[in-house]
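In what follows, residues are counted from 1 in the order of the sequence shown.
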Amino acid sequence: QVQVAESGGGLVQAGASLRLSCAASGRTIFGYDDTYAMGWFRQAPGKEREFVAAIIWSGGTIYAGSVKGRFTSSRDGAKNTVYLQMNRLKPEDTAVYYCAAGRNGGSTRPYDYTSWGQGTQVTVSS
């Protein structure tokens, strides 16, 4: 069973950039012919958790329309880590960001992920 832990959040001004990291343990992720996906989700107070991005073993990615063109997910197999590079941040990006792992082949649904980190706060000032 894989465990994940995200880090890298903070308080920034609109237009700034942040890079979130998600370190996995318990197993090596993104092995060849594997079905694991690493997803990024976010949740603001009073709102439902929403999909942000996902990456699969091949390096293929999926992005929510609200972040496409600004956010980029990537992986480093040697470090067993995935990243979310967030550029041109907006106040509406403010949320707790979660990394999640699941053997789903790539999904945008929280239900399809089985391992979750504790979350890291991203706050973008207006």
Peer 1: Is it the case that one hydrophobic cluster holds both Y97 and F51, taking links as side-chain heavy atoms less than 4.5 Å apart, direct or via other members?
Peer 2: no

Peer 1: Is a side-chain N or O of R19 found less than 3.5 angstrom from the main chain of G8, in a donor-acceptor match?
Peer 2: no

Peer 1: Please list all pairs passing the ring pair (Phe, Tyr, Trp, His ring centres under 6.0 Å) test where one or both residues lie in residues 102-124, with sequence neighbours left out.
Peer 2: F41-Y113, F41-W116

Peer 1: Is it possible for you to say whether I62 and V4 belong to one hydrophobic cluster, with membership spreading through side-chain heavy-atom contacts below 4.5 Å?
Peer 2: no

Peer 1: Side chains of R42 and V67: does their closest heavy-atom pair fall under 4.5 Å?
Peer 2: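 Yes, at least one pair of side-chain atoms sits under 4.5 Å.
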
Peer 1: For residues S107 and D112, report the shortest heavy-atom separation together with the two atoms involved.
Peer 2: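 The pair with the smallest heavy-atom distance is OG-OD2, 2.6 Å.
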
Peer 1: Between E6 and G119 (side chain of the first, backbone of the second, donor and acceptor by atom type, cut-off under 3.5 Å), is there such a pair?
Peer 2: yes

Peer 1: So, taking the atom named CE in M38 and the one named OG in S115, what distance separates them when rounded to the nearest 0.5 Å?
Peer 2: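 Here the rounded value is 8.5 Å.
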
Peer 1: Please determine which of L84, T81, I55, V82 meets the side chain to side chain contact (heavy atoms under 4.5 Å, CB included) test together with C22.
Peer 2: V82

Peer 1: Taking side-chain hydrogen bond (donor to acceptor under 3.5 Å, both in side chains) as the definition, give me every residue that meets it alongside Y98, ordered by chain and number, with sequence neighbours left out.
Peer 2: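 If we apply the side-chain hydrogen bond (donor to acceptor under 3.5 Å, both in side chains) test to Y98, skipping adjacent residues, there are no hits.
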
Peer 1: When clusters are formed by joining ILVMFWY residues with side-chain heavy atoms under 4.5 Å apart, either directly or through shared neighbours, do V2 and W57 land in the same one?
Peer 2: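 Shared cluster, yes.
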
Peer 1: Flag yes if more than 12 heavy atoms outside Q121 fall under 6.0 Å of its CD atom; otherwise flag no.
Peer 2: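 Yes, the 6.0 Å shell around CD holds more than 12 heavy atoms from other groups.
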
Peer 1: Please check if the side chain of N80 supplies one atom and the backbone of A24 the other of a donor-acceptor pair under 3.5 Å.
Peer 2: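 Yes, N80 side chain to A24 backbone: donor-acceptor pair under 3.5 Å.
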
Peer 1: Within the 4.5 Å heavy-atom criterion, are S73 and Y83 side-chain neighbours or not?
Peer 2: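 No, too far: nothing below the 4.5 Å cut-off.
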
Peer 1: The test is side chain to side chain contact (heavy atoms under 4.5 Å, CB included); show your working for R70 and D93 and say whether it passes.
Peer 2: CA-CA 11 Å; R70 298 189 297 120; D93 294 320; 2.8 Å; yes

Peer 1: Indicate the atoms forming the closest heavy-atom contact of T108 with P110, along with that distance.
Peer 2: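 That would be O-CD, 3.8 Å.
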
Peer 1: Flag yes if L20 and I56 sit in one hydrophobic cluster, no otherwise; membership is Ile, Leu, Val, Met, Phe, Trp, Tyr, and two members link when side-chain heavy atoms are under 4.5 Å apart.
Peer 2: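 Per the 4.5 Å side-chain linkage, L20 and I56 are not co-clustered.
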
Peer 1: Taking the side chain as every heavy atom from C-beta outward, state whether F71 and L18 have any pair of such atoms under 4.5 Å apart.
Peer 2: no

Peer 1: Using 0.5 Å steps for rounding, measure from the OG atom of S126 to the NZ atom of K90.
Peer 2: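 Going from OG on S126 over to NZ on K90, the span is 14.0 Å.
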
Peer 1: Step by step, would you call R109 with N104 a side chain to side chain contact (heavy atoms under 4.5 Å, CB included)?
Peer 2: CA-CA 10 Å; R109 304 191 307 170; N104 57 52; over 6 Å; no

Peer 1: Going hydrophobic residue to hydrophobic residue with side-chain gaps under 4.5 angstrom, can you get from V52 over to V124?
Peer 2: yes

Peer 1: In Å and rounded to the nearest 0.5 Å, what is the CD to OG distance from Q85 to S21?
Peer 2: 9.5 Å

